[in-house]
Amino acid sequence: MSTGAGQVVCVTGASGFIASWLVKFLLQRGYTVKATVRDPNNSSKVDHLLNLEGAKERLHLVKANLLEEGSFDAAVEGSHAVFHTASPFFNNAKDPQTELLDPALKGTLNVLKSCVNSPTLKRVVLTSSIAAVSFNYRPKTPDVVVDETWYSDPEYCKENGLWYNLSKTLAEDAAWKFVKENNIDLVTVNPALVSGPLLQPELNTSASVVLNLVNGAQTFKNDIVGWVDVRDVAMAHILAYESASANGRYLLVDRVAHFSEVVKILRDLYPTLQIPEKCEDDKPYVPIFQVSKEKAKSLGLEFTPLEVSLKDTVESLKEKNFLKL
């Protein structure tokens, strides 16, 4: 497993849901990891990283702030790869510009500016999102396959108040323009809603979607969502760096499922939990569309089935006492 021996890599926003798994897998593969966090002394944010296998020998916490130009210089220096995962993800922003758009856009550019002229850097892997792919005016019906050539439309996102989607769309677009002008090798990974076990102590936005469904919600949404396991997303980042031929964008979706299907899976797994039986409205169910897995599989990625990922999410929520039974 030690393909990373002797290589130094940087992970931004290292205490997050995806990034924590990424750090874990990188350490397992023998990499030395420079992990950026806002406050290296905040034990509630960093202890789970410091306790990972290999952390004592090969994990270095570095203080950095997305909105401060130059604050990633120290973390990027000497790194062979930069995994930029740091970007706020939550719903119901009161001030989307300050809370979502600025950190995503300026943060991405600040990290990339630190990468310019780095003699050691081989590649940057950016955590983008399906939010930057499929939110546009194109019709989505069961025979439509969304793939890496799709882009979300900023106007569509604004019109529908999709501020997180807008933040990821603008950040990815800015990243592609910047790397072209500055000759940086960039690959993006574009996961759907990420489920699976939590390493970090606090509840993240995507895990709370599952928590709400098993924690007494009365109804489920008339909506569809793409799902992917956090361990697959973390591994995809590493494969996107290690595979010399990796290029462009990689959509990561195990399955697109309507919430009615998700609650059925959860009910089969946990017949004693209070899981909603009825939809929030009487309209016809939003139709499912397909998402291509071909490119992700070309990296050698195997997807964890949604049933397994949902079960592991719920078990993790129980273990961390978010779900009190």
Side-chain angles (χ1 to χ4, degrees), residues 10-28 33 35-39 42-52 55 59 61 64 66 83-93 99-100 103-104 107-108 111 125-132 164-165 167-168 171 188-215 225-238 240 250 252-254 262 301 303-304 306 308-323:
C10 165
V11 177
T12 70
S15 59
F17 181 40
I18 296 170
S20 295
W21 278 99
L22 176 55
V23 171
K24 181 183 167 87
F25 290 160
L26 287 165
L27 290 170
Q28 279 177 356
V33 182
T36 79
V37 288
R38 271 181 299 206
D39 179 5
N42 181 345
S43 60
S44 70
K45 293 276 192 195
V46 301
D47 279 3
H48 70 283
L49 297 173
L50 296 172
N51 293 328
L52 292 169
L59 178 67
L61 298 180
L66 285 174
F83 298 95
H84 178 39
T85 76
S87 191
F89 172 35
F90 52 88
N91 301 317
N92 313 326
E99 294 175 64
L100 289 170
T108 297
V111 170
V125 180
L126 172 70
T127 314
S128 187
S129 168
I130 196 169
Y164 170 71
N165 306 47
S167 79
K168 296 305 277 188
T188 73
V189 289
N190 297 67
L193 189 71
V194 185
S195 55
L198 294 71
L199 293 176
Q200 83 288 355
E202 68 274 347
L203 185 67
N204 54 294
T205 302
S206 53
S208 68
V209 172
V210 178
L211 179 59
N212 292 339
L213 291 175
V214 293
N215 208 18
V225 118
W227 295 83
V228 64
D229 188 88
V230 66
R231 294 158 291 195
D232 301 344
V233 178
M235 191 47 74
H237 281 75
I238 296 172
Y250 289 87
L252 304 178
V253 185
D254 167 58
V262 177
L301 197 66
F303 284 103
T304 303
L306 178 58
V308 174
S309 192
L310 286 172
K311 186 172 201 295
D312 289 352
T313 310
V314 175
E315 292 305 316
S316 178
L317 291 167
K318 284 201 270 191
E319 185 195 326
K320 293 194 181 287
N321 288 322
F322 291 120
L323 182 57

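- L301 is not listed as a side-chain neighbour of Y250, based on a closest heavy-atom distance of 4.5 Å or more.
- Listed by chain and number, the residues in a side-chain hydrogen bond (donor to acceptor under 3.5 Å, both in side chains) with S43 amount to none (sequence neighbours excluded).
- Using a 4.5 Å cut-off on side-chain heavy atoms (C-beta onward), L203 and L317 make contact.
- Partners of D232 according to the salt bridge (charged side-chain N to carboxylate O under 4.0 Å, His left out) rule, which considers only residues two or more places apart in sequence or in another chain, do not exist here.
- Scored by the side chain to side chain contact (heavy atoms under 4.5 Å, CB included) test, A131 finds S129, Y164, N165, K168 as partners (sequence neighbours excluded).
- The distance from the CZ atom of R38 to the CG atom of L66 is 7.5 Å, given to the nearest 0.5 Å.
- Under the side chain to side chain contact (heavy atoms under 4.5 Å, CB included) criterion, S128 pairs with A132, E172, T188, N190, sequence neighbours left out.
- For the pair V37/N42, no side-chain contact is recorded, criterion being any heavy-atom separation below 4.5 Å from C-beta on.
- The shortest non-hydrogen separation linking V233 to P191 is CG2-CB, 3.9 Å.
- A 4.5 Å side-chain heavy-atom check between V314 and V210 finds at least one atom pair inside the cut-off.
- The heavy-atom pair separating A171 from A104 by the smallest distance is CB-O, 3.6 Å.
- For N204, the side-chain hydrogen bond (donor to acceptor under 3.5 Å, both in side chains) partners at least two apart in sequence or on another chain are Q200, S206.
- Looking at N215, its side chain never comes within 3.5 Å of a backbone N or O of L211 through a donor-acceptor pair.
- Nearest heavy atom pair, residue L199 against residue K320, reads O-NZ, 3.6 Å.
- With D254 contributing its side chain and L306 its backbone, the two residues share a donor-acceptor pair below 3.5 Å.
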Give the table of side-chain donor-acceptor pairs shorter than 3.5 Å for residues 16-23, with sequence neighbours excluded, one pair per line with atom names and distance.
unit_1, atom_1, unit_2, atom_2, d
S20, OG, A14, O, 3.4
S20, OG, S15, O, 3.3
S20, OG, G16, O, 2.6
S20, OG, H48, NE2, 2.9
W21, NE1, P197, O, 2.9

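- In plain terms, the two heavy atoms of D39 and V46 that are nearest each other are O-CG1, 4.1 Å.
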L26/V11 under side-chain contact (heavy atoms from CB on, under 4.5 Å): CA gap, chis, key distance, verdict: CA-CA 10 Å; L26 287 165; V11 177; 3.6 Å; yes
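- Atom-to-atom distance recorded for T313:OG1 and L323:CG is 11.5 Å, nearest 0.5 angstrom.
- Shortest non-hydrogen contact noted between A192 and V253 is CB-CG2, 3.7 Å.
- Considering only residues two or more places apart in sequence or on other chains, E202 meets the salt bridge (charged side-chain N to carboxylate O under 4.0 Å, His left out) condition with K45.
- Partners of S195 under the side-chain hydrogen bond (donor to acceptor under 3.5 Å, both in side chains) rule, at least two apart in sequence or in another chain, are S309.
- Annotation: side-chain hydrogen bond (donor to acceptor under 3.5 Å, both in side chains) contacts of K318 (sequence neighbours excluded): E315.
- The ring-ring contact (aromatic ring centres under 6.0 Å, His included) test applied to W227 returns no partner, not counting sequence neighbours.
- Residue L59 holds its CG atom at 6.0 Å from CG of L50, rounded to the nearest 0.5 Å.
- Here the side chain of S316 pairs no donor or acceptor atom with the backbone of D312 at under 3.5 angstrom.
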